[in-house]
Amino acid sequence: MPLLSTTDKQAMTHYARWTSYWQAAPLAAVLLLFFVLPLVVTFIVSFWSYTGYSIEPDFIFDNYRDAFDRCIVALPDLCTTFRTYLSTLRFCLAVWLLTLVIGFIIAYYLTFEIRTTTIRLVLALVCTIPFWTSNVIRMISWVPLLGRNGLVNQALVGAAIIDQPLDWLLYSNFSVLLAFVHLNTVFMIVPIANSMSRIDRSLVEAARDAGATGWQILLHIIIPLSKTGIAIGSIFVITVVMGDFITIGIMGGQQIASAGKVIQTQIGALQFPIAAANAVVLLAVVLMIIATLIRYIDIRKEL
Amino acid sequence: MSEGRSRSFYVLSFLFGLYVLFLYGPTLTIVALSFQGPGGGMTFPMNGVSLHWFRNLWAGIGVPYVVDALLNSLKLGAFVTVLTVVISLMAGLAFRRSFRGQSVLFYTAIASLTLPSIIVSLGIALEFQIIDQSVKAVGDAYEIGAIQNSYQTAMGLMSSGLGAHLTWTLPFGVLIMFAIFNRFNSAYEEAAQDLGASSWQTFIHVLVPIIAPSLAGVFLFGFTLSWDEIARSSQAVGADNTLPLTLQGLTTTVTTPVIYALGTVTTGISFAVIIVTVSVVVSLQKRRSRHGSDAGKGLV
């Protein structure tokens with residue numbers, strides 16, 4: 001499928017036929033060596049066995065049996081793996097809802113309430129800059145606010161709203177959720193704002209002239225036409241949270257399990273084939289989620 | 001659109017303000033706390049003002065290799081940035097014409113951006129472990145002394161680490177290039193060629209100047225994403241640690257404001273790169289509007 005208009009291509013017919021191939025070769029090589037092959041290797045190694053210091057070619061299903069240790073026979077009780085996935089999915093859902101609502105509001109504000117392009121660019125930059133700074137630092141920066149002696153507790157105790165400092169503000173599900181939203185809302189804002197910027201303003205004007213209320217315009221014009229942006233943002237946010245082990249590790253005080261953290265722990269124990277089997281399972285779950293969302297998207301139309 | 005501001009504008013402006021506070025507030029608190037006096041703790045109130053914790057940081061904070069990690073990250077970031085700009089530009093040019101496999105390549109790049117980093121990182125680690133085991137096996141089988149005595153691993157900052165970072169930075173670069181070339185008017189190139197410019201001259205004197213601001217954008221993404229990368233590096237950098245990885249380790253062990261000082265330095269470097277890039281882009285745009293004000297507005 002051609003990506004550009006025919007006139008554009010005609011203009012370049014004098015380029016040698018193989019030009020595109022050598023120009024695309026470095027990208028293809030990097031992706032093949034450091035993305036495609038590693039995925040293939042992971043899949044293969046998930047059937048291998050291992051000793052204390054090396055992995056051995058084999059064809060066994062023990063690693064998968066290990067990953068789902070007594071999961072089926074124990075039903076309806078949930079085994080560790082199912083519980084971990086359930087907890088991770090719960091985080092996904094909560095983070096997705098929060099980032100969607102916040103991201104949609106910010107994108108709407110930037111696109112429809114800001115009238116000059118310069119100010120819109122500056123405000124969009126203000127929202128994006130933190131994305132270019134360190135995530136670990138941005139997580140640590142909650143410590144002076146949420147800690148036992150942090151600002152929030154100082155304020156609450158000072159205002160006599162509570163007598164004892166709250167313990168659940170930091171290293172808890174709450175702080176993990178807060179950090180996820182803090183770090184990932186930008187992934188919703190950018191694609192949704194991009195979709196919204198393509199909405200023909202005359203549609204909105206026409207609806208208003210025909211007597212539609214603000215809510216009706218939002219519900220019947222803006223949300224349906226932002227669908228692609230919402231889907232792209234959702235894919236980003238959900239895949240980030242599904243595979244996360246850093247945010248949950250730092251903000252959960254290394255006490256909360258997640259699908260990604262399980263893999264990290266097994267790598268730490270040098271149980272590579274088991275980690276590989278778990279990675280394949282995680283990959284399958286993520287791909288199913290993406291497959292559901294991707295129906296709403298043609299990424300290339302968005303660029 | 002000349003009516004006065006509606007109520008929703010003020011409500012949304014207020015929400016936007018809250019969001020910005022939420023984004024920047026925490027970072028500002030640790031920047032403030034990093035300038036505490038020697039007796040300062042992990043939270044407010046501040047205990048005097050000094051550069052004590054920065055001196056402490058530069059002295060190595062009693063944790064080895066912090067400065068090494070910083071230099072590792074700078075070096076890796078520089079390589080990743082240059083490669084990201086060059087490879088993305090080349091790929092952007094390639095995608096201007098249709099070629100066999102272009103859809104597969106494009107969606108592979110998108111997949112590389114989307115799939116969980118822990119999986120990519122593990123995959124690269126496994127790939128290099130298999131390489132190592134194979135090399136050692138060959139060394140033993142043919143009794144190659146050089147391998148038997150000195151070969152350790154192919155894994156390292158500049159092999160597996162570099163690759164891991166590129167799988168994260170390149171998709172952003174490719175997307176930016178796609179966005180720019182989708183709107184690119186090739187009439188400028190045709191004009192240059194009609195006037196007898198070679199392909200190379202057209203590239204250097206026409207195409208690159210026009211897309212320079214976007215290349216600066218790719219540069220910005222390349223460096224900042226590499227500088228802060230942690231999930232993909234986690235299993236794939238080998239023996240040398242990068243700064244974010246070291247920092248992650250310190251979060252559980254260090255309980256003094258020195259970790260805030262490190263945070264201030266890291267964020268400062270990110271901001272320096274962002275400000276320089278944004279200024280370059282703005283000045284490029286200004287220069288263009290000064291010198292080429294009639295471009296695209298003539299009788300073409």
Side-chain angles (χ1 to χ4, degrees), chain A residues 1-4 8-9 11-12 20-21 23-24 26-28 30-31 33-35 37-39 41-42 45 54-55 105-106 109 113 126 129-130 132-138 140-145 147 149-151 235 239 242-243 245-246 250 260 263-264 267 272 275 279 282-283 286 303, chain B residues 9 12 15-16 19-20 23 26-27 29-30 33 42-44 87 90-91 93-99 103 105 108-110 112 114 116-120 122-124 126-127 129-130 133 163-164 166-167 170 178-179 182 186 190 224 228 230-231 235 244 247-248 251 259 263 266-267 270 274:
Chain A
M1 192 171 65
L3 300 171
L4 298 164
D8 204 358
K9 270 187 301 174
M12 286 178 277
S20 283
Y21 291 97
Q23 284 171 336
L27 176 68
V30 169
L31 290 176
L33 270 180
F34 295 103
F35 178 67
L37 259 179
L39 288 185
V41 166
T42 304
V45 170
S54 70
I55 48 180
I105 291 174
I106 302 297
Y109 176 73
E113 298 284 356
V126 165
I129 282 173
W132 291 317
T133 66
S134 169
N135 278 359
V136 178
I137 299 298
R138 293 177 67 200
I140 297 171
S141 64
W142 285 105
V143 172
L145 295 173
N149 303 313
L151 274 188
I235 288 181
T239 53
M242 268 319 283
F245 62 104
I246 309 260
I250 294 178
I263 299 174
Q264 187 205 16
I267 296 171
F272 289 112
L282 174 60
L283 189 61
V286 169
L303 295 171
Chain B
F9 172 76
L12 288 172
L15 290 178
F16 184 80
Y19 179 68
V20 171
L23 271 188
T27 311
T29 59
I30 68 157
L33 287 172
M42 293 295 273
T43 184
F44 290 101
I87 297 176
M90 287 177 71
L93 292 171
F95 277 109
R96 299 182 74 190
R97 310 176 74 222
S98 50
F99 60 94
S103 280
L105 185 58
T108 309
I110 298 294
S112 173
T114 338
S117 296
I118 181 79
I119 299 178
V120 180
L122 168 66
I124 294 175
L126 291 174
E127 184 182 54
Q129 179 156 4
I130 291 176
Q133 284 182 212
L166 286 175
T167 63
L170 277 178
F178 248 78
N182 257 359
S186 54
E190 284 171 62
T224 57
D228 303 324
I230 177 160
Q235 319 301 334
L247 202 54
Q248 189 206 12
T251 57
I259 194 158
T266 319
T267 310
S270 298
I274 294 168

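Sequence lines set the chain letters: A, B, ... in the order given, protein chains first and strands last, and positions in each chain run from 1.
Across B:Gln129 and A:Ser54, no two heavy atoms sit closer than the pair NE2-CA, 4.0 Å. Residue B:Ile30 comes nearest to A:Ile137 through the heavy atom pair CD1-CG2, 3.5 Å, listed as atom of the first residue, atom of the second, then distance. In terms of heavy atoms, A:Gln23 sits closest to B:Leu93 at OE1-C, 3.5 Å.
A donor-acceptor pair under 3.5 Å is absent between the side-chain atoms of A:Gln264 and the main chain of B:Ile118, judged by distance alone. A donor-acceptor contact shorter than 3.5 Å is absent between the side chain of A:Thr239 and the backbone of B:Pro116. Under a 3.5 Å cut-off, the side chain of B:Ser270 and the backbone N or O of A:Thr133 do not form any donor-acceptor pair.
Two residues are said to be in side-chain contact when any heavy atoms from C-beta on lie closer than 4.5 Å; A:Phe272 and B:Leu122 meet this criterion. Annotation: side chain of B:Leu126 is in contact with side chain of A:Ile55 (closest heavy-atom distance under 4.5 Å). Here the side chains of A:Leu145 and B:Thr29 are in contact, with some heavy-atom distance below 4.5 Å. At a threshold of 4.5 Å between non-hydrogen side-chain atoms, the residues B:Thr27 and A:Pro130 do not count as touching. For the pair A:Val126/B:Leu23, no side-chain contact is recorded, criterion being any heavy-atom separation below 4.5 Å from C-beta on.
The part of B:Tyr19 that comes within reach of chain A is its side chain, from C-beta onward, which places non-hydrogen atoms under 4.5 angstrom from that chain. Contact of A:Ile129 with chain B is made through backbone and side chain together, with heavy-atom distances under 4.5 Å. The contact between A:Leu151 and chain B is made by backbone and side chain atoms together, counting heavy-atom distances below 4.5 Å. With a 4.5 angstrom heavy-atom cutoff, A:Leu31 touches chain B only via side-chain atoms.
In this structure, A:Leu27 CG and B:Thr108 OG1 are separated by 8.5 Å, a value rounded to the nearest 0.5 Å. Taking CG from A:Leu37 and CD from B:Glu127, the interatomic distance works out to 5.0 Å, rounded to the nearest 0.5 Å. For the atom pair A:Ser20 OG and B:Leu105 CG, the distance stands at 11.0 Å (nearest 0.5 Å). To the nearest 0.5 Å, atoms OG (B:Ser117) and CZ (A:Phe245) are separated by 7.5 Å. Considering OG1 of B:Thr266 and CZ of A:Arg138, their distance stands at 13.5 Å, rounded to 0.5 Å.
Among B:Ile130, B:Ile259, B:Val20, the residue with the largest count of heavy-atom pairs under 4.5 Å with chain A is B:Ile130. For the set A:Leu282, A:Ile105, A:Asn135, A:Val143, the entry with the most heavy-atom pairs within less than 4.5 Å of chain B is A:Leu282. Interface check for chain A: of the options B:Ala109, B:Ala164, B:Gly263, the most heavy-atom pairs under 4.5 Å are formed by B:Gly263. When A:Leu283, A:Leu39, A:Ile235 are compared by the number of non-hydrogen pairs under 4.5 Å with chain B, A:Leu283 comes out ahead. The choice from A:Gly243, A:Gly147, A:Gly150, A:Pro144 that makes the most heavy-atom pairs within less than 4.5 Å of chain B is A:Pro144.
Partners of B:Ile230 under the side-chain contact (heavy atoms from CB on, under 4.5 Å) rule, at least two apart in sequence or in another chain, are A:Val136, A:Ile246, B:Pro244, B:Leu245, B:Gln248.
With respect to A:Phe35, the side-chain contact (heavy atoms from CB on, under 4.5 Å) criterion is satisfied by exactly one of B:Val120, B:Leu170, B:Ile124, B:Leu166: B:Val120.
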